[in-house]
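One structure below.
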Amino acid sequence: MSVDAAQVRKIASLARIAVTDGEVEAMTHELNNILGWVEQLGEVDTAGVEPLAAVIPNHLRLREDVINDGDIRDAVLANAPQAEHGFFAVPKVIE
């Protein structure tokens with residue numbers, strides 16, 4: 001696959017980039033080089049390679065999923081502007 005000057009102008013127009021004739025010629029060459037590299041990557045045999053999310057082995061360090069209420073209700077409510085009957089008290093919004 002190759003890119004010509006008309007396609008570079010179309011891409012520049014879609015990207016809202018103003019390009020001169022000299023820049024179009026340079027970009028044509030650069031885009032053709034990039035597409036050549038992409039075609040080379042397509043030729044690589046990756047049949048036995050598993051997909052990776054990272055190049056180093058990552059192991060999730062998960063904690064045990066246990067229920068713990070903390071038993072610190074009084075300490076938490078000490079920070080509340082107003083507490084009633086062991087709960088946060090808030091002003092009435094709807095009458």
Side-chain angles (χ1 to χ4, degrees):
M1 178 177 196
S2 64
V3 177
D4 61 1
Q7 290 173 325
V8 171
R9 284 189 181 90
K10 177 69 174 176
I11 293 168
S13 171
L14 292 172
R16 305 285 193 258
I17 299 172
V19 291
T20 63
D21 290 336
E23 291 172 331
V24 167
E25 294 303 319
M27 285 184 190
T28 302
H29 180 69
E30 288 178 24
L31 287 174
N32 283 326
N33 285 339
I34 292 169
L35 290 174
W37 281 103
V38 172
E39 287 177 3
Q40 269 187 318
L41 288 175
E43 296 173 4
V44 176
D45 180 24
T46 59
V49 180
E50 292 189 26
L52 295 173
V55 294
I56 58 173
N58 290 327
H59 302 286
L60 296 177
R61 294 171 187 86
L62 300 176
R63 61 177 171 78
E64 291 294 321
D65 190 15
V66 295
I67 297 173
N68 182 6
D69 66 356
D71 198 27
I72 57 170
R73 180 180 71 175
D74 295 332
V76 171
L77 289 177
N79 293 323
Q82 185 179 0
E84 294 179 9
H85 310 293
F87 298 100
F88 286 97
V90 295
K92 190 174 185 180
V93 177
I94 300 175
E95 294 185 33

- Hydrophobic clusters join Ile, Leu, Val, Met, Phe, Trp and Tyr when side-chain heavy atoms are under 4.5 Å apart, directly or via other members; which others share one with Leu14? none

- Query: So with a 6.0 Å cut-off around CG of Asn33, is the heavy-atom count from everything else above 12?
  - Reply: yes

- Residue pairs passing the salt bridge (charged side-chain N to carboxylate O under 4.0 Å, His left out) test where at least one lies in residues 3-18, sequence neighbours excluded: Arg9-Asp21

- Shortest non-hydrogen pair, Val19 vs Ala12, comes out as CG2-CB, 3.9 Å

- Item | Minimum side-chain heavy-atom gap Val8-Leu31 below 4.5 Å |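 They are in side-chain contact.
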
- Message: Just to verify, what does Glu30 make a side-chain contact (heavy atoms from CB on, under 4.5 Å) with, not counting sequence neighbours?
- Response: none

- With sequence neighbours excluded, what pairs up with Glu25 under the side-chain contact (heavy atoms from CB on, under 4.5 Å) test? Ala5

Pairs under 3.5 angstrom only: tabulate donor-acceptor contacts from the side chains of residues 72-84 to other protein residues two or more places apart or in another chain.
unit_1	atom_1	unit_2	atom_2	d
Gln82	NE2	Glu84	OE2	3.2

- Query: Under a single-linkage definition using a 4.5 Å side-chain heavy-atom cutoff for Ile, Leu, Val, Met, Phe, Trp and Tyr, are Val90 and Phe87 assigned to the same hydrophobic cluster?
  - Reply: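 Result: no, two separate clusters.
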
Donor-acceptor pairs under 3.5 Å, side chain of residues 37-60 to any protein atom, not counting sequence neighbours: which ones?
unit_1	atom_1	unit_2	atom_2	d
Glu39	OE2	Met1	N	2.7
Asp45	OD1	Ala47	N	3.2

- Item | From CD (Glu23) to CD1 (Ile17), nearest 0.5 Å |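 One finds 9.5 Å between CD of Glu23 and CD1 of Ile17.
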
